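Scroll down for the structure; my scribbles are underneath it.
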Amino acid sequence: MSLSDAPPIDRPAEPAEQASVSLPLAGEDQARADFYALLSRLLLAAPDAGLLAALAHADPISAEGGDPALEQAWEALVLASSVMDPGAVADEFDALFVSVGTPPLDPYGSRYLSGYMNDTPLAELRADLARLGVQRVRGVGEFEDHLGSLCETMRVLIAGAPGIPRRPVDRQQAFFETHIAPWHARCLADIASADGANYYRLVARLAAAFLAIEAEAFVVGEAPIDSTV
């Protein structure tokens, strides 16, 4: 399928940005933004029945001769979404990410980059967000360096939002390479291999495949993902 045809999702509240000028958005960028939005939604909260149903009926992705990792990860998630019970997925999410005390998984940049929560990497991220005019949404429980929050920030940098302009590719690349690339692979590998990870093992595989494409495309200076991947 075209990634721009990805199933609709309930997105978390969008960051606020001071500037208001919008730039034209190419089809492949909308596709990337939609994929980041989906990953953000899945990483920040368990999918509800509506999202599982939308994913279960989603069209396949064609790699068209390229690396089949994204195509295969998408196919696996679509199949799992067709048979998973929403309550079971919610229980799995809570067990992995919301356990009383220290949860098994902490998908935060500071944890992976410095070994501590709320450390220097988070402060540096907040400084960059301030320079971009992006503010933390009031009432949001997760810190800005949560991988799901970073995916949402990438969505806004790519596509913009009402009253918020999109950012050019060089700014997207700088943000990605500074705040996501150094640690996302380790984090997603931990999710995929965690005890009790069933549905979220597949979410991690999908995220890893997509972010690998983004990283490679930024390096070679191409549009990170085509709308027909």
Side-chain angles (χ1 to χ4, degrees), residues 11-21 23 32-33 35-45 93-94 96-192 194 200 203-204 207-208 210-212 214-219 224:
R11 291 172 176 161
E14 296 167 347
E17 192 169 279
Q18 296 172 351
S20 59
V21 178
L23 299 174
R32 293 173 56 224
F35 220 99
Y36 272 115
L38 176 62
L39 294 180
S40 175
R41 172 64 179 82
L42 291 172
L43 290 168
L44 288 169
F93 183 91
D94 289 347
L96 293 173
F97 302 107
V98 196
S99 295
V100 176
T102 302
L105 297 167
D106 285 317
Y108 296 91
S110 283
R111 173 72 75 183
Y112 281 87
L113 295 174
S114 72
Y116 300 95
M117 296 286 286
N118 309 330
D119 204 35
T120 300
L122 178 57
E124 294 173 345
L125 169 62
R126 286 174 172 168
D128 275 355
L129 292 174
R131 283 189 286 270
L132 290 166
V134 179
Q135 302 172 355
R136 185 180 181 186
V137 178
R138 293 178 182 177
V140 173
E142 302 296 351
F143 293 116
E144 298 92 325
D145 63 339
H146 187 287
L147 186 55
S149 298
L150 291 169
C151 286
E152 175 64 5
T153 300
M154 283 296 298
R155 181 192 72 79
V156 172
L157 295 181
I158 295 165
I164 304 174
R166 63 173 296 228
R167 298 295 182 175
V169 172
D170 62 333
R171 299 296 293 276
Q172 299 170 30
Q173 179 176 0
F175 186 88
F176 181 93
E177 292 182 345
T178 300
H179 300 295
I180 298 177
W183 66 280
H184 73 79
R186 287 180 289 152
C187 174
L188 294 169
D190 286 345
I191 295 173
Y200 270 85
V203 171
F210 173 73
L211 295 178
E214 287 278 286
E216 181 179 359
F218 279 134
V219 168

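Just so we're clear, the structure is a prediction, and the values are computed from it rather than from any experiment.
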Polar side-chain atom of Arg155 near backbone of Ser40 as donor-acceptor pair, under 3.5 Å
no
Assess the residue pair Leu113 and Tyr108 against the criterion (side chain to side chain contact (heavy atoms under 4.5 Å, CB included)); give the C-alpha distance rounded to whole Å, side-chain angles, the decisive distance to 0.1 Å, and a yes or no.
CA-CA 9 Å; Leu113 295 174; Tyr108 296 91; over 6 Å; no
What's the spacing between Thr153 OG1 and Ile180 CD1 if we round to 0.5 Å?
7.5 Å
Could you give the distance from CG (Asp190) to CH2 (Trp183), rounded to the nearest 0.5 Å?
10.5 Å
Check: Gln172 and Arg166 side chains under 4.5 Å, non-hydrogen atoms:
yes
Any idea which heavy atoms bring Leu188 and Ala204 closest together, and the distance?
O-CB, 3.5 Å
Is a side-chain N or O of Arg171 found less than 3.5 angstrom from the main chain of Phe175, in a donor-acceptor match?
no
His146 and Pro107, any side-chain heavy atoms less than 4.5 Å apart
yes
How many angstroms lie between atom CG of Asp106 and atom CZ of Arg111, to the nearest 0.5 angstrom?
4.5 Å
Side chain to side chain contact (heavy atoms under 4.5 Å, CB included), that's the test. Do Ser114 and Thr120 meet it? Break it down for me.
CA-CA 8 Å; Ser114 72; Thr120 300; 5.9 Å; no
Ignoring hydrogens and angles, tell me if any N or O in the side chain of Arg186 forms a donor-acceptor pair with the backbone of Tyr112 under 3.5 Å.
yes
Aromatic ring pairing Phe176/Phe218, orientation class (parallel under 30°, perpendicular over 60°, tilted between)
tilted
Between Phe93 and Leu42, the two heavy atoms sitting closest are CE1-O, 4.0 Å
Value rounded to 0.5 Å, distance of OG in Ser149 from NE2 in His179
13.5 Å
Report yes if some heavy atom in the side chain of Leu132 is under 4.5 Å from a heavy atom in the side chain of Val156; otherwise report no.
no
Hey, what do you get for CG (Leu122) to OH (Tyr116), rounding to the nearest 0.5 Å?
16.0 Å
Is the count of non-hydrogen atoms from other residues, nucleotides or ligands lying under 6.0 Å from Glu216 atom CD greater than 12?
no
What closest approach, in Å, do Pro104 and Leu96 show between heavy atoms, and which atom pair accounts for it?
CD-O, 3.3 Å
Starting from the C-alpha separation in whole Å, work towards a yes-or-no answer on side chain to side chain contact (heavy atoms under 4.5 Å, CB included) for Phe35 and Met154.
CA-CA 10 Å; Phe35 220 99; Met154 283 296 298; over 6 Å; no
Quick one: CG on Leu43 to SG on Cys187, what's the gap to the nearest 0.5 Å?
7.5 Å
Heavy-atom nearest pair, Leu150 first then Asp145, reads CD1-O, 3.7 Å
Scanning both residues in full, the closest heavy-atom pair of Phe143 with Asn118 reads CE1-OD1, 3.0 Å
